[in-house]
Amino acid sequence: MTIAAEIARLAAVESFCPTAAILAETGFPTLARARVFDSRRPSVDLLDPGEEYTPVLSLFTRRSQSPRRGAGQGSVARNGSTLLEVVAELAVAARDEDGAEFVDAMAGSDPKARLVLSALCAQARYVLTQGPTGAIFRKIVMAIESIDEEGFAVPELGLRWQRTTMLFECQIPDDEFSPAGGLPMPAATIAALLPENSYARATLDNMAAQFAASAPLPVMDTIAFDVKQAGVSGQAGTAAAVEPPFPDIED
């Protein structure tokens with residue numbers, strides 16, 4: 001995965017679960033509130049025990065691409081894209097065959113629950129495309145090319161779950177690394193804009209430590225090259241600077 005693709009997902013996490021809303025315990029832009037999970041499934045202990053189900057969002061980077069900008073471009077001139085997966089569901093606690101609890105989506109065709117799930121998906125789409133808390137996401141994502149929604153069901157067996165997978169096809173910049181180390185661009189720019197006490201900022205700060213500065217290039221102290229004057233080959237520069245030395249050119 002490109003670093004820019006990881007940044008897009010982390011920016012989406014901050015958009016769905018703003019640090020300011022966590023501190024104030026209010027102002028969350030979706031029904032999931034603070035139950036937004038980065039690259040992992042929700043855990044049972046974070047579900048609301050007093051409700052029939054708990055709206056949650058789980059974010060994953062499904063893929064990223066970095067093709068050349070054109071046939072006439074070099075290897076470093078590249079465009080970027082990523083497929084951001086947002087799983088919206090009405091989560092409940094279930095038990096496996098051994099009696100251990102795990103999180104699953106609410107099963108069954110409940111029209112009222114379906115409306116709640118649809119509202120959660122609409123809120124997620126609004127946050128990333130237009131909502132004020134999604135401004136940080138739109139700084140890294142140049143355009144959302146398409147949004148696909150997939151249900152979770154096995155109609156042949158009459159099984160349906162209150163879970164929808166939303167796929168955001170995003171156009172993003174490619175990584176631009178620096179010999180000085182640290183996060184590549186545009187990741188470094190986005191990290192500086194994130195709240196210092198946010199989950200996304202802490203994750204990026206840890207990632208930046210993995211990119212050490214490159215060793216400096218050796219300094220060129222002598223230049224010597226072969227020339228031809230009046231049909232005679234010779235060297236311009238100090239004759240002893242190269243091996244084997246060439247005779248100096250005499251006018």
Side-chain angles (χ1 to χ4, degrees), residues 1-2 4-18 21 28-43 46-48 51-65 79-94 102-172 200:
M1 297 293 178
T2 63
E6 301 295 324
I7 296 297
R9 189 191 70 255
L10 289 171
V13 171
E14 176 65 21
S15 299
F16 290 135
C17 189
F28 295 99
T30 74
L31 293 171
R33 296 180 56 79
R35 296 181 178 91
V36 178
F37 301 91
D38 177 31
S39 302
R40 66 186 180 96
R41 295 281 300 140
S43 54
L46 294 179
L47 300 182
D48 192 337
E51 299 294 337
E52 182 182 2
Y53 51 76
T54 303
V56 299
L57 293 172
S58 302
L59 280 65
F60 305 89
T61 301
R62 179 171 289 196
R63 64 170 169 80
S64 67
Q65 292 181 313
N79 293 319
S81 67
T82 184
L83 188 61
L84 175 65
E85 177 180 331
V86 180
V87 181
E89 62 185 300
L90 307 183
V92 297
F102 68 97
V103 174
D104 197 6
M106 178 183 178
S109 299
D110 186 331
K112 293 183 179 179
R114 189 66 191 178
L115 289 176
V116 174
L117 180 61
S118 296
L120 178 60
C121 292
Q123 289 174 336
R125 186 169 60 248
Y126 171 73
V127 166
L128 296 186
T129 58
Q130 302 178 51
T133 63
I136 187 67
F137 176 78
R138 294 189 292 275
K139 286 185 180 297
I140 178 67
V141 172
M142 296 182 289
I144 298 177
E145 301 289 351
S146 65
I147 304 174
D148 296 328
E149 297 188 14
E150 302 174 353
F152 193 76
V154 185
E156 295 82 358
L157 301 179
L159 300 176
R160 296 184 182 275
W161 288 264
Q162 302 297 343
R163 176 186 294 146
T164 298
T165 298
M166 307 179 69
L167 301 176
F168 294 81
E169 181 75 40
C170 302
Q171 182 183 358
I172 58 176

When rounded to the nearest 0.5 angstrom, what is the spacing between [atom1] in [X] and [atom2] in [Y]?
X	Y	atom1	atom2	value
Arg33	Asp48	CZ	CG	10.0 Å
Thr165	Glu85	OG1	CD	5.5 Å
Met166	Leu57	CE	CG	9.0 Å
Tyr53	Glu89	OH	CD	13.5 Å
Leu31	Leu120	CG	CG	5.5 Å
Gln171	Met142	CD	CE	4.0 Å

Practice prompt. Could you tell me whether a side-chain N or O of Arg35 sits under 3.5 Å from a main-chain N or O of Pro42, the two making a donor and an acceptor?
Written response: no
Fill in: Any donor-acceptor N/O pair, Glu149 side chain to Thr164 backbone, under 3.5 Å
no
Do you know which two heavy atoms are closest between [X] and [Y], and how far apart they sit?
X	Y	answer
Ala91	Leu47	CB-CD2, 3.8 Å
Cys17	Phe28	SG-CE2, 4.1 Å
Gly108	Gln162	O-NE2, 3.0 Å
Ile140	Ala8	CG2-CA, 4.0 Å
Ala113	Leu90	O-CD1, 3.2 Å
Val127	Arg138	O-NH1, 3.2 Å

Practice prompt. Flag the pair Arg63 and Glu169 as a salt bridge only when some basic side-chain nitrogen lies within less than 4.0 angstrom of an acidic carboxylate oxygen.
Written response: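 Salt bridge: yes.
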Item to complete: Please lay out, stage by stage, how Phe152 and Val87 fare under the test side chain to side chain contact (heavy atoms under 4.5 Å, CB included).
Response: CA-CA 10 Å; Phe152 193 76; Val87 181; over 6 Å; no
Would a 4.5 Å heavy-atom cut-off, applied to side chains only, mark [X] and [Y] as touching?
X	Y	answer
Ser58	Arg41	yes
Thr2	Ile172	yes
Ser15	Ile136	yes
Leu46	Phe37	yes
Tyr126	Thr30	no
Arg163	Asp104	yes

Discussion item. Name the residue from Leu84, Thr82, Leu59 that meets the side-chain contact (heavy atoms from CB on, under 4.5 Å) definition with Phe168.
Written reply: Leu84
